[in-house]
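In what follows, a structure is listed as structure tokens, so that the remarks can point back to it.
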There are 2 protein chains.
Amino acid sequence: METPVRRKPALARKSPKVPALPNSIAEPRRPRGRPRKTIDELDDGNRRRKLIDGAARLFRTKGFDAASTRDIAAAAGMHSGSPFYHFKSKSALLYAVMSEGMSLAVQSQKNALAGVPPAASAREQLRALVRNHFEVLLGSKSDFIPVMLYEWRSLTPVQRKGIAKMKDEYEAPWMPVLMALARQGDLKADPAVARLFIFGALNWSVQWFAAKGGKTLDQLTEQALALFIRED
Amino acid sequence: METPVRRKPALARKSPKVPALPNSIAEPRRPRGRPRKTIDELDDGNRRRKLIDGAARLFRTKGFDAASTRDIAAAAGMHSGSPFYHFKSKSALLYAVMSEGMSLAVQSQKNALAGVPPAASAREQLRALVRNHFEVLLGSKSDFIPVMLYEWRSLTPVQRKGIAKMKDEYEAPWMPVLMALARQGDLKADPAVARLFIFGALNWSVQWFAAKGGKTLDQLTEQALALFIRED
DNA sequence: CCTACCGATCGGTAGG
DNA sequence: CCTACCGATCGGTAGG
């Protein structure tokens with residue numbers, strides 16, 4: 001599933017944009033033994049990163065189909081053909097965005113749950129899940145998950161399975177919490193349906209949330225809990 | 001805002017696909033006075049209808065950008081250039097889909113509210129609104145509103161204003177009902193935020209609802225009310 | 001509404 | 001990673 005593969009060995013060489021320099025400066029002597037990371041390899045990591053970040057932003061703002069690989073290349077400071085050195089297709093780039101987004105979301109959710117005291121109520125656990133979900137949807141890295149949510153259909157079937165697995169992992173902790181709340185009478189709907197409604201309510205916030213002037217993510221979390229869960 | 005305009009006067013003439021018939025049959029004599037609708041004009045209505053319906057379905061299943069005007073033409077039994085006889089651009093066709101969808105939704109909602117007894121509780125009124133919203137999202141004409149919800153960004157700014165107006169009209173009856181529920185203590189969240197969450201929960205159902213095997217729209221309605229509104 | 005077409009753009013590739 | 005390019009497709013149009 002790790003799609004991107006470089007097509008040629010990365011050879012250290014001068015950037016074509018930089019004017020030629022004396023050899024002693026442009027090509028520092030290599031130390032003996034296993035070759036260290038070359039300047040190009042480090043740079044390559046940056047380029048890949050810039051491609052993924054730019055793609056995430058463009059896929060979110062314009063949609064997958066309307067964002068051209070030329071747009072994405074330009075956003076990363078490259079020329080039109082270069083993204084295909086890092087990703088074998090536009091769809092592989094989409095997969096990379098979604099897959100990275102889901103990794104971040106799963107990790108972020110694990111951290112959030114780890115911060116909840118072991119004896120915390122189901123209500124406290126749901127609060128942590130909801131608060132983290134808003135962070136994932138609307139926080140600093142907020143291009144990735146909206147792309148995942150809204151560009152699902154542009155994946156190939158195989159890619160879709162990969163993302164679905166990460167989505168299952170992300171959603172897994174929610175059901176036991178909702179079932180506990182239903183058991184104690186604080187959630188009145190069937191937990192399976194409630195889960196779908198609640199995710200919908202939260203996911204839809206990317207359509208209307210405006211960071212400026214609006215509510216904070218903490219406030220949104222409190223409102224969501226007040227709406228879904230009985231207090232008494 | 002009524003974008004589609006025919007470019008030439010609609011002259012009654014034989015369909016090119018149909019073999020030539022004797023004049024007396026193919027071209028019935030016109031009665032005196034203001035011309036009645038000709039066969040071609042009736043047919044034109046059918047064609048326009050087929051274009052809009054096919055576009056709605058293709059925009060929903062493939063997305064606006066991925067659905068080509070050739071696809072849409074083929075779905076209506078036409079050749080590639082012909083949709084542009086009925087609509088001046090692909091985006092005008094999108095607008096027609098959304099605008100028709102919103103008209104249907106507004107009308108359907110009016111009927112639903114008219115069926116609620118005058119002295120009905122706020123809860124009953126919300127039930128009618130939610131039930132109708134599911135019908136509009138998931139019922140028989142269910143391609144139109146999902147397109148409206150998910151292809152918003154492909155409209156021109158001017159078109160967007162037109163749709164926004166219809167959306168405001170559709171959403172208007174919800175706030176008083178939610179405010180009444182909040183006043184009587186059956187809705188615990190701020191009504192303005194609750195409205196956004198509730199629409200999100202319902203709108204998201206187009207992502208997971210499968211007509212076969214799943215819940216009925218009545219059951220979904222009851223679950224939604226149970227989730228959002230206190231019973232006691 | 002069809003036929004025949006156009007310019008623009010797109011994803012992707014070869015070769016260095 | 002750039003340069004130069006290709007075939008395919010797309011929205012749209014003229015002319016009948």
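- Straight-line distance from the CE atom of B/M78 to the P atom of C/dT3: 13 Å, rounded to whole Å.
- Comment: B/D143 engages B/R60 in a salt bridge, judged by a side-chain N to carboxylate O separation of less than 4.0 angstrom.
- Here A/A67 lies in heavy-atom contact (under 4.0 Å) with sugar-phosphate atoms only.
- Summarising the geometry, the separation between CZ on A/R70 and C1' on D/dC5 is reported as 10 Å, rounded to the nearest angstrom.
- When the C1' atom of D/dC1 is taken as reference, atom NE2 of A/H86 falls 7 Å away, rounded to whole Å.
- In this structure, B/Y85 has its ring center at least 6.0 angstrom away from the ring center of B/H79.
- What separates OH of A/Y85 from P of C/dA14 is a distance of 16 Å, to the nearest Å.
- Side-chain contact check for B/S91 and B/Q159: at least one donor-acceptor pair (N or O, by modelled atom type) lies under 3.5 Å.
- Atom CG of B/D65 and atom P of D/dT9 are 17 Å apart (whole Å).
- Sequence order on DNA chain C of the closest nucleotides to B/S80 and B/L51 puts B/L51 first from the 5' end.
- D/dG11 atom C1' lies 15 Å from atom CZ of B/F87, rounded to whole Å.
- OP1 or OP2 of C/dT9 has not a single side-chain nitrogen or oxygen of A/S68 nearer than 4.0 Å.
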* How does DNA chain D look in dot-bracket form if you count Watson-Crick and G-U pairs under 3.5 Å, write [ ] for pairs that cross, and put | where a base pairs with another strand? -> ||||||||||||||||

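- Not a single donor-acceptor pair under 3.5 Å links the side chain of B/K167 to the backbone N or O of B/M148.
- Checking D/dT3, C/dT3, D/dC1 against the side-chain heavy atoms of A/H79 singles out D/dT3 as nearest.
- To the nearest angstrom, P of C/dG12 lies 8 Å from NZ of A/K90.
- Taking atom NZ on B/K62 and atom P on D/dT9, their separation rounds to 12 Å, with Å as the unit.
- Proximity of a side-chain donor or acceptor of A/E171 to a complementary backbone N or O of A/D168 within less than 3.5 Å is not detected.
- Screening B/F199, B/F197, B/F228 against B/W174 for a ring-ring contact (aromatic ring centres under 6.0 Å, His included) leaves a single residue, B/F199.
- Counting only heavy atoms from C-beta outward, the side chains of A/W152 and A/I163 approach each other to under 4.5 Å.
- Nearest to the side chain of A/S89, among D/dC1, C/dG12, D/dG12, sits C/dG12.
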